[in-house]
Each structure stands twice: as C-alpha cells, then as structure tokens.
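I have placed the structure first, in the form of structure tokens, so that the comments after it can refer back to it.
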Amino acid sequence: QVQLSESGGGLVQPGGSLRLSCAASGIAVSIHSMTWYRQAPGKQRELVAILTSGGSTSYADFVKGRFTISRDNARNTVYLQMTSLKPEDTAVYYCNSPGTAWGQGTQVTVSS
C-alpha cells in the first residue's frame with residue numbers, strides 16, 4: 001500500500017522560507033516521478049513541481065526560481081524547498097506520484 005505523508009508547512013512571513021517533506025512508503029521515490037501540487041481556498045489544485053525518476057526537474061512559472069524539488073533516496077523522501085514566499089503561495093501542498101492516492105497535505109500560510 002502506497003502512502004505519502006507531507007509535513008513541514010506552517011505560518012511564514014512574506015519573503016521567508018520553508019522546506020516541505022514528503023515521506024513515502026510502498027513506493028521508491030528513486031524510480032518514480034514525484035510531484036508537488038497545491039490547492040488554495042476556492043481554487044483548483046495546480047501542479048507546482050516535477051522530479052522525474054531520471055532526476056530532471058520542471059516547475060510552474062509562478063514558482064520558477066524560488067522553489068526547488070529534490071529527493072533523498074536513502075530516506076525515501078521528497079522535498080520542496082520554498083524561498084521568497086509570497087502571500088499568493090498560501091495553499092495546502094500535496095505530494096503525489098502518478099497512480100497514487102492523495103495524502104492529507106500540509107498547510108502553508110504566508111502572511112505578515
């Protein structure tokens with residue numbers, strides 16, 4: 001059974017940083033494409049970042065240059081390093097791999 005558990009969210013001031021973690025079980029992050037999505041109140045879930053099994057990354061334009069997706073194969077964990085956070089980054093953040101169920105997400109709130 002695949003489980004993805006997100007953590008690391010919280011309240012941060014504009015311009016601040018957070019690192020989100022996604023601990024995986026039942027799936028090896030080293031050989032699967034992993035993604036981060038987010039969903040703000042009243043909006044559809046949107047793709048934030050992709051990390052392919054080959055190590056390639058891609059980002060949505062609205063986070064390019066500010067967010068970095070990475071993985072630790074030994075810990076079977078995927079990360080999303082977020083810097084220069086803006087109020088519009090406020091959302092519930094989810095990690096996912098194609099075909100897996102959604103986790104509970106982690107709330108990120110950017111506010112002064």
Side-chain angles (χ1 to χ4, degrees):
Q1 181 180 356
V2 176
Q3 283 193 313
L4 301 172
S5 180
E6 303 93 342
S7 63
L11 174 63
V12 63
Q13 292 187 340
S17 299
L18 279 176
R19 188 178 79 158
L20 306 183
S21 299
C22 172
S25 61
I27 184 174
V29 301
S30 60
I31 60 171
H32 288 86
S33 290
M34 300 298 298
T35 58
W36 283 97
Y37 282 78
R38 72 185 187 185
Q39 187 167 20
K43 295 188 176 181
Q44 288 190 330
R45 194 169 294 178
E46 58 186 1
L47 179 63
V48 175
I50 300 171
L51 174 60
T52 70
S53 57
S56 299
T57 59
S58 62
Y59 300 90
D61 286 344
F62 51 79
V63 303
K64 203 170 291 184
R66 300 188 298 123
F67 291 11
T68 303
I69 187 171
S70 63
R71 67 186 177 212
D72 183 331
N73 294 340
R75 296 180 184 272
N76 208 31
T77 298
V78 178
Y79 302 99
L80 186 69
Q81 179 69 48
M82 307 186 296
T83 63
S84 302
L85 283 161
K86 306 174 182 180
E88 52 264 43
D89 294 319
T90 295
V92 178
Y93 284 72
Y94 303 87
C95 71
N96 191 258
S97 185
T100 65
W102 295 97
Q104 81 287 352
T106 186
Q107 174 71 49
V108 172
T109 302
V110 184
S111 174
S112 55

Given 3.5 Å as the limit, does a donor-acceptor pair link the side chain of N76 with the main chain of A23, or not?
no
Hey, does the side chain of T35 reach the backbone of A49 with a donor-acceptor pair shorter than 3.5 angstrom?
no
Closest non-hydrogen atom pair, [X] against [Y]:
X   : Y    : answer
S33 : S97  : O-OG, 2.8 Å
I27 : A24  : CG2-CB, 3.8 Å
P14 : S112 : CD-N, 3.7 Å

Who are the side chain to side chain contact (heavy atoms under 4.5 Å, CB included) partners of S21, not counting sequence neighbours?
S7, T77, Y79
Among all residues two or more places apart in sequence or in another chain, which pass the side chain to side chain contact (heavy atoms under 4.5 Å, CB included) test with T106?
E6, L20, Y93
With a cutoff of under 4.5 Å between side-chain heavy atoms, which Ile, Leu, Val, Met, Phe, Trp and Tyr residues group with I31?
none
Considering residues, nucleotides and ligands other than E88, do more than 12 of their heavy atoms fall under 6.0 Å from its CD?
yes
Pairing residues for E46 by the side-chain hydrogen bond (donor to acceptor under 3.5 Å, both in side chains) criterion, not counting sequence neighbours:
R38
Got a sec, which residues hit side-chain hydrogen bond (donor to acceptor under 3.5 Å, both in side chains) with Q107, two or more places apart in sequence or on another chain?
T109
With sequence neighbours excluded, tell me which residues meet salt bridge (Lys or Arg N to Asp or Glu O under 4.0 Å) with R45.
none
Would you say Y94 and L51 are hydrophobically clustered, going by side-chain heavy atoms of ILVMFWY under 4.5 Å?
no
Would a hydrophobic clustering, with Ile, Leu, Val, Met, Phe, Trp and Tyr connected at side-chain separations under 4.5 Å, put V78 with V108?
yes
Reported OG-to-CG distance for the pair S111 and L85, which is rounded to 0.5 angstrom
12.0 Å
Atom pair OG1/CG of T100 and L4 - distance to nearest 0.5 Å
4.5 Å
Pairs touching residues 19-39 that satisfy ring pair (Phe, Tyr, Trp, His ring centres under 6.0 Å), sequence neighbours left out
Y37-W102
Enumerate the disulfide (SG to SG under 2.5 Å) contacts for residues 8-108, please, sequence neighbours excluded, ordered by first and then second residue.
C22-C95
Listing request: all salt bridge (charged side-chain N to carboxylate O under 4.0 Å, His left out) pairs with a residue in residues 7-34, at least two apart in sequence or in separate chains.
none
Are Q104 and S5 close enough, and set up right, to give a side chain to side chain contact (heavy atoms under 4.5 Å, CB included), and what steps lead you there?
CA-CA 7 Å; Q104 81 287 352; S5 180; 4.1 Å; yes
Listing, residues 58-71 side-chain donor-acceptor contacts under 3.5 Å, not counting sequence neighbours, or none:
| residue | atom | partner | partner atom | Å |
| --- | --- | --- | --- | --- |
| Y59 | OH | I69 | N | 3.0 |
| D61 | OD1 | K64 | NZ | 3.0 |
| R66 | NH1 | S84 | O | 3.0 |
| R66 | NH1 | D89 | OD2 | 2.7 |
| R66 | NH2 | F62 | O | 2.7 |
| R66 | NH2 | D89 | OD1 | 3.0 |
| R66 | NH2 | D89 | OD2 | 3.4 |
| R71 | NE | N73 | OD1 | 3.4 |
| R71 | NH1 | T52 | O | 2.9 |
| R71 | NH2 | S53 | O | 3.0 |

